[in-house]
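Contents: one structure, followed by commentary.
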Amino acid sequence: MLPVGCLRAALRLSRAMSVLSLEPRPAGKRWLVVGLGNPGLPGTRHSVGMAVLGHLARRLGVEDTWARDRHCAADLAVGLLEDAQVVLLRSRRLMNASGRSVSRAAELFGLAAEEVYLVHDELDKPLGKLALKLGGSSRGHKGVRSCISCLNSRAMPRLRIGIGRPTHPDTVQAHVLGSFSAAEQELLPLLLERATDMLLDHIRARSQQPPLGPDLRYPFCK
């Protein structure tokens, strides 16, 4: 059990985060960044989106402020990027059902689908390749498909992290769910840094643009 002093500090942090998170903010000044992956399976290729999210949390100085939100079934952290608020989300649901956590958080924070970033693995790009895609189909990614279904929109920007496709089709599932090799792990620190830079630069630029209109908000699934 934590000492009383630690419990009080944690409670103050939780209350401060709640006030910061839910205070009214203009459209375009709050963003949700979702690291897609499977809870309990860090270090796998399929959870590389969560690895990027962890690096982003460190860059924003909020790596020690993750808090579990039972309404979203997710872990949340909130940081600031100049005058914009950045909400980070790690779903506690499996990849295929992660859209329910994302849609609940988008509703809670009053966000349009265009203000929700999805960070996920991409089979059709080699390891080390990044692409920031604005909307479109899921391209067979079940976590993205769940988000599209629950947000009722394909408009979410996605940062696609290449993990490479194995040559034999029968090994795709094992490749995706497997851990990075020793050689691949040597490339990860630079990859995470570049991915984080790309996200921050994109969010920073969009925060300076005219705000989204209310007609761009969507009915979300529960």
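From a predicted model like this one, the values you see are computed outputs, not experimental measurements. One-based numbering along the sequence shown.
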Hey, is the main chain of Leu192 close enough, under 3.5 Å, to the side chain of Thr196 for a donor-acceptor pair?
yes
With sequence neighbours excluded, what pairs up with Asp124 under the side-chain contact (heavy atoms from CB on, under 4.5 Å) test?
Glu122, Arg139, Arg165
Intermediate values then yes/no, side chain to side chain contact (heavy atoms under 4.5 Å, CB included), Leu199 and Tyr117
CA-CA 9 Å; Leu199 277 170; Tyr117 283 79; 3.8 Å; yes
Side-chain touch Val172/Pro166, heavy atoms, less than 4.5 angstrom
yes
Can you find a pair of side-chain heavy atoms, one from Leu118 and one from Leu159, that are under 4.5 Å apart?
no
Chi angles and distances behind the side chain to side chain contact (heavy atoms under 4.5 Å, CB included) call for Val119, Val34
CA-CA 6 Å; Val119 186; Val34 180; over 6 Å; no
One pair to check against side chain to side chain contact (heavy atoms under 4.5 Å, CB included): Trp31 and Val116. What are the steps and the verdict?
CA-CA 6 Å; Trp31 309 91; Val116 178; over 6 Å; no
Which residues satisfy the salt bridge (Lys or Arg N to Asp or Glu O under 4.0 Å) test with Glu63, sequence neighbours excluded?
none
Carefully, step by step, assess Leu130 and Arg194 under the rule side chain to side chain contact (heavy atoms under 4.5 Å, CB included).
CA-CA 8 Å; Leu130 305 172; Arg194 289 173 48 228; 3.9 Å; yes
Results of ring-ring contact (aromatic ring centres under 6.0 Å, His included) for His175 - residues two or more places apart only:
none
Tell me, please, which residues at least two apart from Leu188 pass side-chain contact (heavy atoms from CB on, under 4.5 Å).
Phe180, Gln185, Leu191
Just by distance, no angles: are the side chains of Ser98 and Ser101 close enough, under 3.5 Å, to form a donor-acceptor pair?
no
Check: Ser207 side chain, Ile203 main-chain N or O, donor-acceptor pair, under 3.5 Å
yes
Keeping Arg30 on the side-chain end and Phe109 on the backbone end, is there a donor-acceptor pair under 3.5 Å?
yes
Glu184: what forms a side chain to side chain donor-acceptor pair (under 3.5 Å) with it, not counting sequence neighbours?
Arg45, Ser181
Check the orientation of His141 and His46. Use parallel for under 30°, tilted for 30 to 60°, and perpendicular for over 60°.
tilted
Table please: side-chain donor-acceptor pairs of residues 70-77 below 3.5 Å, with sequence neighbours left out.
unit_1, atom_1, unit_2, atom_2, d
Asp75, OD1, Arg92, NE, 2.9
Asp75, OD1, Arg92, NH2, 3.1
Asp75, OD2, Arg90, NH2, 3.4

For Gly43, does its backbone N or O pair with a side-chain atom of Ser47 as donor and acceptor, under 3.5 Å?
no
